[in-house]
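One structure below.
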Amino acid sequence: MNDKEQKYIDVAKKLLQQENTYTVISNSMKPLIKKGDKITCVRKSFDELKKYQIIAFKNGASGNPEIPTVHRIIKKEETGYKTKGDNALYSDKELVIREHFIGVVDKVIKENKTIDLNTKIGTLQSICAYFLFCIKNFFKLVFV
């Protein structure tokens with residue numbers, strides 16, 4: 001393990017010891033998660049993550065690896081997970097690897113309601129938001 005990997009592990013351990021609630025700072029997961037919403041994350045087994053789950057992870061490509069990125073898993077690869085923001089046209093360039101994984105988003109806390117992604121209704125809201133924005137992004141690519 002090199003120094004960079006150890007740094008990510010140390011930061012992840014530190015974050016896991018703190019309260020697992022984060023304030024969202026971008027609209028990359030709009031419409032389900034918007035800038036200013038709060039999310040809670042729970043630690044899950046990296047090997048058991050599933051397609052369409054929303055995860056928090058360290059992302060060096062974001063410009064600041066200390067700020068977690070929250071995106072949806074769109075594909076499991078041999079060495080990690082391919083992710084994408086619901087509001088983005090393209091997937092993230094880097095795979096999420098074990099050392100960068102923080103946790104699975106289990107709740108989205110908005111001003112007037114909380115969406116529990118562990119319930120059938122919460123899961124349905126999440127998946128519908130994803131597929132609606134896939135359609136929107138398809139038309140954006142075709143007509144722009």
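For clarity, every value in this text was computed on a predicted model and none was experimentally measured.
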**Message:** Are Lys58 and Ile102 packed together at the side-chain level, in the sense that at least one heavy-atom pair is separated by less than 4.5 angstrom?
**Reply:** yes
**Request:** Taking all heavy atoms of Lys84 and all of Met29, pick out the closest pair and write down the distance.
**Result:** O-SD, 4.1 Å
**Message:** According to side-chain hydrogen bond (donor to acceptor under 3.5 Å, both in side chains), who are the partners of Lys44, at least two apart in sequence or on a separate chain?
**Reply:** none
**Results of ring pair (Phe, Tyr, Trp, His ring centres under 6.0 Å) for Tyr81 - residues two or more places apart only** = Phe46
**Asked** Does one hydrophobic cluster hold both Leu32 and Phe133, with members joined at side-chain heavy-atom distances below 4.5 Å?
**Response** no
**Item:** Polar side-chain atom of Asp86 near backbone of Pro31 as donor-acceptor pair, under 3.5 Å
**Value:** no
**Request:** Output the distance between atom CD1 (Ile73) and atom CZ (Phe101), rounded to the nearest 0.5 Å.
**Result:** 7.0 Å
**Asked** side chain to side chain contact (heavy atoms under 4.5 Å, CB included) with Gln125: which residues, sequence neighbours excluded?
**Response** Lys113, Ile115, Ile121
**Message:** Taking side-chain hydrogen bond (donor to acceptor under 3.5 Å, both in side chains) as the definition, give me every residue that meets it alongside Ser28, ordered by chain and number, with sequence neighbours left out.
**Reply:** Ser26, His71
**Fill in**
Correct closest heavy-atom pair for Phe57 and Thr83 would be CZ-OG1, 3.6 Å
**Asked** Counting distance only, does the side-chain N/O of Arg72 pair as donor-acceptor with the main-chain N or O of Ile55 below 3.5 Å?
**Response** no
**Asked** At what distance, to the nearest 0.5 angstrom, does CD1 of Ile25 lie from CG of Asp37?
**Response** 13.0 Å
**Item:** With Phe131 via ring pair (Phe, Tyr, Trp, His ring centres under 6.0 Å) - residues at least two apart
**Value:** Tyr52
**Message:** Are the side chains of Val70 and Val24 in contact, using a 4.5 Å heavy-atom criterion?
**Reply:** no
**Other ILVMFWY residues reachable from Leu124 by side-chain steps of under 4.5 Å** = none
**Request:** Work out which heavy atom in Ser126 is nearest to a heavy atom in Leu117; give both atom names and the distance.
**Result:** CB-CD2, 3.9 Å
**Request:** Only counting residues at least two apart or in another chain, list the ones meeting side-chain hydrogen bond (donor to acceptor under 3.5 Å, both in side chains) with Thr23.
**Result:** Lys38
**Prompt:** Of all residues at least two apart in sequence or in a different chain, which pass the salt bridge (charged side-chain N to carboxylate O under 4.0 Å, His left out) check with Asp92?
**Reply:** none
**Asked** What about Val96 and Leu49, same hydrophobic cluster or not, with Ile/Leu/Val/Met/Phe/Trp/Tyr joined at side-chain heavy-atom distances under 4.5 Å?
**Response** yes
**Asked** Quick one: side-chain hydrogen bond (donor to acceptor under 3.5 Å, both in side chains) partners of Asp116, sequence neighbours excluded?
**Response** Asn118
**Prompt:** What distance separates Ile54 CD1 from Asp106 CG, expressed to the nearest 0.5 Å?
**Reply:** 11.0 Å
**Item:** For Lys82, all residues meeting side chain to side chain contact (heavy atoms under 4.5 Å, CB included), sequence neighbours excluded
**Value:** Ile74, Lys75, Glu77, Ser91, Leu95
**Request:** Kindly indicate, with the supporting measurements, whether the criterion side-chain contact (heavy atoms from CB on, under 4.5 Å) is fulfilled by Lys107 and Thr21.
**Result:** CA-CA 9 Å; Lys107 288 187 178 75; Thr21 301; over 6 Å; no
**Request:** Identify, with sequence neighbours excluded, every residue that meets side chain to side chain contact (heavy atoms under 4.5 Å, CB included) alongside Lys35.
**Result:** Asn27
